[in-house]
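Report on one structure; see the data block that follows.
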Amino acid sequence: MIVHEIRQHLSELADSKYCVFQSSLIPTAGSSEFIGVRTPELRVYAKELAKRNDIGEFLNDLPHKYFDENQLHAFIISLDKDYKNCIENVERFLPYVDNWASCDQMSPKVFKKHRKELLEHIDRWLKSDKTYTVRFGIKMLMDHFLNEDFDMKYPCAVANIHSQEYYVKMMQAWYFATALAKQYDSVIGFIKDKKLDDWTHNKTIQKAVESYRISDVQKQYLKKLKVKGKVKDQ
């Protein structure tokens with residue numbers, strides 16, 4: 001079975017020191033869930049596996065046991081050039097995504113050519129009760145709808161997500177910091193009028209100020225908008 005073959009190969013690629021380091025970056029997973037395969041090696045392996053006719057067996061074998069398998073899964077999906085097949089695999093995989101890395105690594109290139117169809121899925125993802133499904137939905141809006149297809153309804157949708165989940169709030173901040181870099185005049189009102197909760201508001205400003213894509217004048221203005229006083233960090 002391809003599932004056992006993949007797990008065996010991953011164990012052969014394992015780096016014990018990297019495993020310890022990697023597990024420290026993903027606090028939502030236990031240390032026993034990591035094999036310790038470096039990302040470049042996973043990407044290379046994903047390209048090999050994506051060409052196999054039996055890869056569907058691995059993609060349907062959910063949930064996976066190891067973080068590395070989730071990463072591999074995300075990379076394989078991202079390589080799919082068939083939109084219909086890709087979106088079906090994304091929908092099947094998302095409920096099992098349990099960490100920020102696997103969520104963020106999943107970035108199908110084929111979505112760029114199917115943005116209109118993608119929107120109905122994003123709308124559902126944003127309304128999900130699963131942390132990383134919501135995070136993925138926000139990321140898709142950030143990746144595909146901040147340029148020529150930008151519309152004010154998208155930042156409004158992100159601002160209207162009221163979650164106490166750290167990994168959702170962090171993605172909201174990342175979205176708005178990126179939006180400030182690409183659509184500053186359109187979205188500055190969300191910061192000026194404090195339409196985000198205090199923590200996400202300040203984190204957005206922090207990320208924006210760290211960006212090289214935002215001018216010094218804009219950065220100075222944003223710093224003045226930071227919420228003062230004690231804002232509980234997460």
Side-chain angles (χ1 to χ4, degrees), residues 3 6-47 49-50 58-59 61-79 89-90 93-109 125 128-143 158 161 163-178 181 197 199-200 202-213 231-234:
V3 174
I6 287 173
R7 192 167 293 171
Q8 177 60 36
H9 187 62
L10 291 177
S11 67
E12 293 169 358
L13 295 174
D15 180 326
S16 58
K17 290 184 178 179
Y18 183 68
C19 181
V20 174
F21 168 73
Q22 191 176 52
S23 63
S24 70
L25 300 178
I26 316 293
T28 55
S31 58
S32 63
E33 296 176 33
F34 294 84
I35 296 174
V37 183
R38 293 179 180 273
T39 298
E41 293 178 307
L42 283 174
R43 289 187 182 277
V44 170
Y45 191 31
K47 289 181 180 179
L49 292 171
F58 170 72
L59 297 179
D61 185 50
L62 294 166
H64 296 305
K65 182 177 181 180
Y66 294 105
F67 165 81
D68 310 67
E69 292 173 324
N70 280 326
Q71 291 289 85
L72 190 63
H73 194 133
F75 291 140
I76 293 171
I77 287 179
S78 298
L79 293 169
N89 279 320
V90 167
F93 182 47
L94 272 177
Y96 299 97
V97 174
D98 60 1
N99 67 87
W100 65 265
S102 298
C103 175
D104 296 357
Q105 296 283 17
M106 187 163 51
S107 184
K109 294 182 179 180
W125 296 337
S128 172
D129 60 355
K130 294 186 177 296
T131 297
Y132 298 101
T133 298
V134 177
R135 183 180 172 97
F136 184 72
I138 299 172
K139 184 175 184 294
M140 291 301 97
L141 283 179
M142 181 177 73
D143 288 350
V158 176
I161 296 171
S163 172
Q164 295 305 310
E165 293 289 341
Y166 171 84
Y167 290 102
V168 171
K169 290 158 70 75
M170 183 61 82
M171 182 56 75
Q172 286 177 291
W174 187 6
Y175 172 87
F176 276 101
T178 305
D197 66 80
W199 186 91
T200 307
N202 282 354
K203 186 61 67 173
T204 296
I205 292 174
Q206 176 189 326
K207 285 181 169 293
V209 169
E210 293 171 351
S211 173
Y212 66 88
R213 295 180 294 179
V231 176
K232 186 178 180 181
D233 205 354
Q234 295 188 345

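Numbering starts at 1 and runs along the sequence shown. Nothing here was measured: the structure is a model prediction, and the numbers come from that model.
Taken from CE in Met170 to OG1 in Thr204, the straight-line distance is 9.5 Å, to the nearest 0.5 Å. Note that the SG atom of Cys103 and the CD1 atom of Ile138 stand 9.0 Å from one another [nearest 0.5 Å]. Summarising the geometry, atom CE belonging to Met142 is positioned 12.0 Å from atom CZ belonging to Phe176; distances are rounded to the nearest 0.5 Å. Here the straight-line distance linking atom CG of Leu25 with atom CZ of Phe34 works out to 8.0 Å at 0.5 Å rounding. Here Phe136 contributes atom CZ and Leu141 contributes atom CG; the two are 10.5 Å apart, rounded to the nearest 0.5 Å.
With sequence neighbours excluded, the residues satisfying side-chain contact (heavy atoms from CB on, under 4.5 Å) with Asn89 are Leu59, Ile77, Asp80, Asn85, Arg92. With sequence neighbours excluded, no residue forms a ring-ring contact (aromatic ring centres under 6.0 Å, His included) with Tyr175. With sequence neighbours excluded, the residues satisfying side-chain hydrogen bond (donor to acceptor under 3.5 Å, both in side chains) with Asp15 are Arg38. By the salt bridge (charged side-chain N to carboxylate O under 4.0 Å, His left out) test, Asp104 pairs with Arg135, sequence neighbours left out. Under the side-chain hydrogen bond (donor to acceptor under 3.5 Å, both in side chains) criterion, Gln71 pairs with Ser102, not counting sequence neighbours. Listed by chain and number, the residues in a side-chain contact (heavy atoms from CB on, under 4.5 Å) with Lys47 are Leu79 (sequence neighbours excluded). Here Asp143 pairs with Lys139 under the salt bridge (charged side-chain N to carboxylate O under 4.0 Å, His left out) rule; sequence neighbours left out. Listed by chain and residue number, Gln8, His9 satisfy the side-chain contact (heavy atoms from CB on, under 4.5 Å) test with Glu12 (two or more places apart in sequence, or in another chain). Residues meeting the side-chain contact (heavy atoms from CB on, under 4.5 Å) test with Arg43, sequence neighbours left out: Thr39, Phe75, Gln105. For Lys207, there are no side-chain hydrogen bond (donor to acceptor under 3.5 Å, both in side chains) partners at least two apart in sequence or on another chain.
Looking at Ser78, its side chain does come within 3.5 Å of a backbone N or O of Ser107 through a donor-acceptor pair.
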So His64 and Tyr96, side-chain contact (heavy atoms from CB on, under 4.5 Å) or not? Walk me through it.
CA-CA 8 Å; His64 296 305; Tyr96 299 97; over 6 Å; no
I would like to know whether Gln172 and Lys169 meet side chain to side chain donor-acceptor pair (under 3.5 Å); could you show each step before the answer? CA-CA 5 Å; Gln172 286 177 291; Lys169 290 158 70 75; 5.9 Å; no
Please assess Ile35 against Leu13 for the test side-chain contact (heavy atoms from CB on, under 4.5 Å), listing each intermediate value before the final yes or no. CA-CA 9 Å; Ile35 296 174; Leu13 295 174; over 6 Å; no
query = Between Phe58 and Leu49, is a side-chain contact (heavy atoms from CB on, under 4.5 Å) present by the stated rule, with each step listed?
reply = CA-CA 10 Å; Phe58 170 72; Leu49 292 171; 5.7 Å; no
Test side-chain contact (heavy atoms from CB on, under 4.5 Å) on Phe93 and Ile76; report intermediate values, then the result. CA-CA 12 Å; Phe93 182 47; Ile76 293 171; over 6 Å; no
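Taking 4.5 Å as the limit, some side-chain heavy atom of Met106 sits within range of a side-chain heavy atom of Leu94. A heavy-atom distance below 4.5 Å is not found between the side chains of Trp100 and Tyr166.
Summarising the geometry of Ser128 relative to Val134, their closest heavy-atom pair is O-CG2, 3.3 Å, with the distance given to 0.1 Å. The two residues Thr133 and Pro95 come nearest to each other via the heavy atoms OG1-N, 4.5 Å. In this structure, Asp68 and Glu33 approach most closely via the heavy-atom pair OD1-O, 4.0 Å. Between Trp125 and Val90, the closest heavy-atom pair is CZ2-CG1, 3.9 Å. For the pair Val37 and Tyr18, the tightest heavy-atom approach, listed with the atom from each and the gap, is O-CE2, 3.5 Å.
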